[in-house]
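First the structure, in the form of structure tokens, and then the observations on it.
Atoms considered below: every heavy atom in the structure, side chains included; atoms not considered: hydrogens, waters and symmetry mates. Sequence positions, counted from 1, serve as the residue numbers for this chain. Whatever order the structure lists ligands and atoms in, that order sets their numbers, starting from 1.
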Amino acid sequence: MNFKLESKDPGSKARTGTITTDHGDIKTPIFMPVGTAGSVKAVHQRELKEDIKAQIILGNTYHLYLRPGLDILEEAGGLHKFNGWDRPILTDSGGYQVYSLADTRKIKEEGVTFQSHIDGSRHMFSPEAVMDIQRTIGADIIMAFDECTPYPCEYDYAEKSMHMTHRWLKRCCEHFDKTEGKYGYSQTLFPIVQGSVYKDLRTQSAEAIASFERDGNAIGGLSVGEPAEMMYEMTDHVCNILPLDKPRYLMGVGTPANILECIALGIDMFDCVMPTRNARNGMLFTSEGIINIKNKKWDRDFSPIDPVLPGYVDNFYSKAYLRHLIMSKEILGAQIASIHNLSFYLWLVGEARTQIEAGTFSQWKNKMVSKVSQRL
Ligand SMILES: CNc1nc2c(CC[C@H]3O[C@@H](OC)[C@@H]4OC(C)(C)O[C@@H]43)c3nc(N)[nH]c(=O)c3cc2[nH]1
């Protein structure tokens with residue numbers, strides 16, 4: 001995997017670049033649609049490619065390991081073959097999901113034991129096991145096994161957890177570096193910075209993570225309920241320490257405004273479940289602001305959903321029709337709203353890239369942050 005830095009914004013730490021993988025290039029800044037269990041909910045691969053113009057999607061170790069399971073994924077020739085997505089895939093290591101989803105999980109030095117939220121079966125994720133699992137899933141970019149500390153979190157818990165995450169990272173690297181990809185293309189491992197909301201711990205963790213000199217670096221332990229200002233402060237601080245010539249991935253972020261602010265702080269890659277999860281509930285992110293399509297005010301608005309966006313659904317369907325579908329819990333409603341929100345997120349980061357290239361990002365960002373956050 002390779003990262004080429006391209007343009008820099010004169011008024012902020014925003015930058016553009018190109019990540020090259022064996023499954024194609026990723027133009028940054030980029031938003032990565034979340035496809036937890038091997039599909040971006042309610043969206044076809046063709047729509048992801050043609051309407052949304054997604055360049056990379058996410059999968060998840062915890063979910064895919066439990067279902068469909070590694071034997072089926074291996075027999076299929078890996079996740080790309082199984083779900084037909086032939087562009088880059090990134091898988092999260094499952095640390096976060098075990099912490100947030102599994103029942104009765106116990107965190108020990110060796111790893112985490114947990115019970116499946118599906119059938120209660122007992123499992124153990126260790127750094128080594130999670131590397132083997134991600135080798136089998138076959139994502140182009142895989143994440144180290146870490147502990148995502150909750151918010152709020154006591155200083156000494158955050159410190160102990162951070163050091164364990166660093167010890168687990170060492171085990172991940174040693175195990176990953178002595179194994180090969182199973183399907184004939186290369187995979188790369190990103191470490192994850194922790195340290196909760198404590199600047200000195202964030203300094204220690206960012207320096208430790210940078211010292212592994214991997215192809216990219218992730219910032220974890222944020223977007224877990226802390227105030228946005230705190231998320232920005234930690235992100236700004238860590239980006240001042242992480243190497244400039246490697247992509248930075250801020251995990252689980254965020255709203256359109258969060259993404260624009262963090263691009264200005266030097267982040268290149270984002271993922272968030274909001275565009276898909278909130279779509280199913282009728283919350284639309286648009287170029288004019290946020291629309292709750294269930295609001296009666298839209299029931300006779302026959303204008304297209306968001307004509308600024310290039311895709312089919314945004315120009316073919318009206319707000320009134322989409323409101324009707326969401327109110328009637330029609331499956332098509334979830335599909336249209338999901339495609340729309342993801343199209344908006346990809347459009348937004350694409351606009352940011354254009355603005356950075358033109359050297360006009362900073363003033364554009366300040367205008368857009370308030371625009372995309374206003375409730376229509
Ligand atoms: C929402 N806020 C948020 N998400 C975080 C994640 C998980 C990111 C994954 O969880 C899903 O979003 C909830 C996404 O869909 C899949 C595909 C499951 O993967 C994405 C994190 N993951 C790890 N390993 N470490 C972290 O410190 C961490 C911090 C986060 N903060």
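Classification of D86 and K49 as a salt-bridged pair holds, one side-chain N sitting under 4.0 Å from a carboxylate O. Looking at R135 and E74, no side-chain N of the basic residue comes within less than 4.0 Å of a carboxylate O on the acidic one, giving no salt bridge. Residues E174 and K170 are paired through a salt bridge, judged by an N-O separation under 4.0 Å between the basic side chain and the carboxylate. Note on K365 versus E261: salt bridge recorded, some NZ/NE/NH1/NH2 to OD/OE distance being below 4.0 Å.
If you number the atoms of ligand 1 from 1 as listed, the ones under 4.0 Å from a heavy atom of S223 come out as 1 (C), 2 (N), 3 (C), 31 (N). Close contacts between ligand 1 and G221 involve ligand atoms 26 (C), 27 (O), 29 (C) [criterion: under 4.0 Å to a heavy atom]. If you number the atoms of ligand 1 from 1 as listed, the ones under 4.0 Å from a heavy atom of V273 come out as 12 (O). Applying the 4.0 Å criterion to heavy atoms of G220 picks out, from ligand 1, the atoms 26 (C), 27 (O).
Residue contacts with ligand 1 leave out G95, since none of its heavy atoms falls under 4.0 Å from the ligand. Using a 4.0 Å heavy-atom cutoff, L222 is listed among the residues neighbouring ligand 1. Not a single heavy atom of M143 sits closer than 4.0 Å to an atom of ligand 1. Residue contact check for ligand 1: Q194 places a non-hydrogen atom closer than 4.0 Å to it.
Under the 6.0 Å cut-off for aromatic ring centres, F302 and Y321 do not qualify, their centroids lying 6.0 Å or more apart. Aromatic pair F270/Y345: ring centres not closer than 6.0 Å. Taking the ring centroids of H80 and Y183, they lie at or beyond the 6.0 Å cut-off.
Ligand 1 has an N or O atom lying under 3.5 Å from an N or O atom of D146, backbone or side chain. For the pair D92 and ligand 1, the shortest N or O to N or O distance falls below 3.5 Å. Looking at ligand 1, you won't find any N or O of I192 less than 3.5 Å from one of its N or O atoms.
The single protein non-hydrogen atom nearest to atom 1 (C) of ligand 1 is G252 O, 3.5 Å, given as residue, atom name and distance. Nearest non-hydrogen protein atom to atom 10 (O) of ligand 1 is Q97 NE2, 2.8 Å. Considering only non-hydrogen protein atoms, atom 17 (C) of ligand 1 sits nearest to G59 O, 3.5 Å. Scanning the protein for heavy atoms near atom 28 (C) of ligand 1, the closest one is Y96 CD1, 3.7 Å. For atom 15 (O) of ligand 1, the closest non-hydrogen atom on the protein side is V34 CG1, 3.0 Å.
With a heavy-atom cut-off of 4.0 Å, D271 touches ligand 1 through its side chain alone. Proximity of S93 to ligand 1, defined as any heavy-atom pair under 4.0 Å, is confined to the side chain (atoms from C-beta onward).
The closest side-chain donor-acceptor pair between T18 and E6 falls under 3.5 angstrom.
Closest non-hydrogen pair, S223 versus V253, comes out as CB-CG2, 3.7 Å.
Annotation: cation-pi geometry not satisfied between R214 and F190 (NZ/CZ under 6.0 angstrom from ring centroid, within 45° of ring axis).
Judged by distance alone, the side chain of R353 and the main-chain N or O of G17 form a donor-acceptor pair under 3.5 Å.
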